[in-house]
Novice: 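Mind having a look at this structure? Questions to follow.
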Amino acid sequence: MKKEHMIHILNEGHFSVPRLLLNYYASIGLHEEDTFFLIKLHSFIEQGNSFPTPEELASAMTYSPQACLDKIQQLMQKGVLTIEEHRNEDKNYYSEAYSLIPLWDRIFGAIEQEEAEKSAAKNIESEESLYTLFEREFARPLSPIECETLAMWIDGDKHDSELIKAALKESVLAGKLNFRYIDRILFEWKRNGIKTVDQARSYGEKFRKHQYDKKTPVSKPDSKNDSGQSAPIYNWLGR
């Protein structure tokens, strides 16, 4: 092949196969033959022919025109392909075109389901981690009521697991290791729009400084702030 001919071919560009179709075709009930046919149809649409005839499709594949027509009907029955009617306002006539929008809708539905499953698995893992952490800090198994409370913080109140851990740490530092105290901390944080651990830390430090300036409550020797200096413990139940 001559160099000039090769350059001409490369200069024409490349047809891009949608990666999502290749990644999710099996998840939405399609087979390899279905996928290849859709790729060829997508190629025709991208090139400006939105309603290729079975003969035109057959000329680009090893299928016969009748096989192409059968495949189109199968894909429409599977809900991944439709035929839309368009009206040309200027010339006042109707035309038809294949639409792959149902295909993309199915794929994005599969993606959303996959993300939901991953999120659910992550939540389960996070819950298990929190239960383990709480039992270690409490040095005993949690009671059924405590387990229910922890589940409510996660599923009902939608507290971030890292915030729950921070509230647990706050209660440990305050020497008030009980669910009522932790629940009050989480309530105060949510009421004041606290959504991150950094925000919670700043919020707590602000009130500790306020209590320190008032010289109450008395600071505990084992409570340290970030600079290593003694810092008073904020009594969240006193709010």
Side-chain angles (χ1 to χ4, degrees), residues 20 23-24 27 104-239:
L20 289 178
N23 289 343
Y24 288 93
S27 301
W104 311 136
D105 284 340
R106 289 277 294 278
I107 289 176
F108 283 111
I111 293 174
E112 289 177 347
Q113 180 178 351
E114 182 181 78
E115 291 179 346
E117 291 173 354
K118 288 181 180 179
S119 178
K122 184 178 179 181
N123 287 339
I124 292 174
E125 182 180 348
S126 176
E127 286 184 26
E128 292 176 348
S129 174
L130 283 173
Y131 281 111
T132 302
L133 178 62
F134 269 71
E135 288 184 341
R136 184 169 70 244
E137 292 294 343
F138 278 73
R140 60 171 175 77
L142 299 182
S143 69
I145 294 178
E146 289 171 337
C147 290
E148 184 178 342
T149 300
L150 185 51
M152 179 60 68
W153 289 341
I154 299 169
D155 300 325
D157 299 328
K158 303 299 182 183
H159 291 304
D160 183 80
S161 61
E162 293 303 316
L163 276 181
I164 296 175
K165 292 177 183 178
L168 172 61
K169 182 179 180 181
E170 187 85 13
S171 72
V172 170
L173 291 175
K176 299 179 182 295
L177 191 58
N178 62 75
F179 271 71
R180 179 168 175 259
Y181 193 79
I182 297 171
D183 186 65
R184 184 63 187 185
I185 294 173
L186 292 171
F187 174 80
E188 285 292 330
W189 285 349
K190 187 171 185 178
R191 188 166 69 93
N192 288 275
I194 305 300
K195 297 181 179 180
T196 68
V197 174
D198 287 339
Q199 290 175 340
R201 185 181 297 112
S202 298
Y203 184 80
E205 288 174 353
K206 179 179 68 174
F207 283 102
R208 287 192 184 95
K209 184 178 184 301
H210 177 69
Q211 295 285 23
Y212 183 75
D213 292 340
K214 291 167 55 178
K215 303 299 182 182
T216 56
V218 178
S219 61
K220 295 189 177 182
D222 60 342
S223 174
K224 302 291 184 179
N225 58 21
D226 293 338
S227 63
Q229 301 297 318
S230 296
I233 296 299
Y234 182 67
N235 184 5
W236 295 93
L237 290 178
R239 290 281 292 157

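From a predicted model like this one, the values you see are computed outputs, not experimental measurements.
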Novice: Please walk me through it: do Trp104 and Leu20 pass side chain to side chain contact (heavy atoms under 4.5 Å, CB included)?
Specialist: CA-CA 9 Å; Trp104 311 136; Leu20 289 178; 5.8 Å; no
Novice: Can you tell me how far apart CD (Glu112) and OG (Ser119) are? Round to the nearest 0.5 Å.
Specialist: 12.5 Å
Novice: Measure from the side-chain N and O atoms of Asn178 to the backbone N and O of Arg180, and report whether any donor-acceptor pair falls under 3.5 Å.
Specialist: yes
Novice: Considering non-hydrogen atoms only, spot the tightest contact between Ala167 and Ile185 and give its length.
Specialist: O-CD1, 3.6 Å
Novice: Are any non-hydrogen side-chain atoms of Lys176 and Arg184 less than 4.5 angstrom apart?
Specialist: no
Novice: Are any non-hydrogen side-chain atoms of Ile145 and Phe179 less than 4.5 angstrom apart?
Specialist: no
Novice: What's the separation between atom CG in Leu163 and atom CD1 in Ile154, rounded to the nearest 0.5 Å?
Specialist: 12.0 Å
Novice: Drop me the distance from Leu130's CG to Cys147's SG, to the nearest 0.5 angstrom.
Specialist: 11.5 Å
Novice: Report yes if some heavy atom in the side chain of Leu186 is under 4.5 Å from a heavy atom in the side chain of Asp157; otherwise report no.
Specialist: no
Novice: Rounded to the nearest 0.5 Å, what separates atom CD in Glu135 from atom CG in Leu133?
Specialist: 10.0 Å
Novice: What distance separates Ser171 OG from Phe138 CZ, expressed to the nearest 0.5 Å?
Specialist: 6.0 Å
Novice: Using the salt bridge (charged side-chain N to carboxylate O under 4.0 Å, His left out) criterion, which residues pair with Glu162? Sequence neighbours excluded.
Specialist: Lys165
Novice: What distance separates Ile164 CD1 from Trp189 CH2, expressed to the nearest 0.5 Å?
Specialist: 10.0 Å
Novice: Please indicate whether Lys190 has more than 12 foreign heavy atoms, meaning atoms of other residues, nucleotides or ligands, lying under 6.0 Å from its NZ.
Specialist: yes
Novice: Does atom CD (Glu114) have a neighbourhood of more than 12 heavy atoms from anything else shown, all under 6.0 Å?
Specialist: yes
Novice: Within the distance-only criterion (no hydrogens, no angle test), does the side chain of Asn192 pair as donor or acceptor with the backbone N or O of Glu188 below 3.5 angstrom?
Specialist: yes
Novice: Within the structure provided, determine whether Thr149 and Phe134 are in side-chain contact (heavy-atom separation under 4.5 Å).
Specialist: no
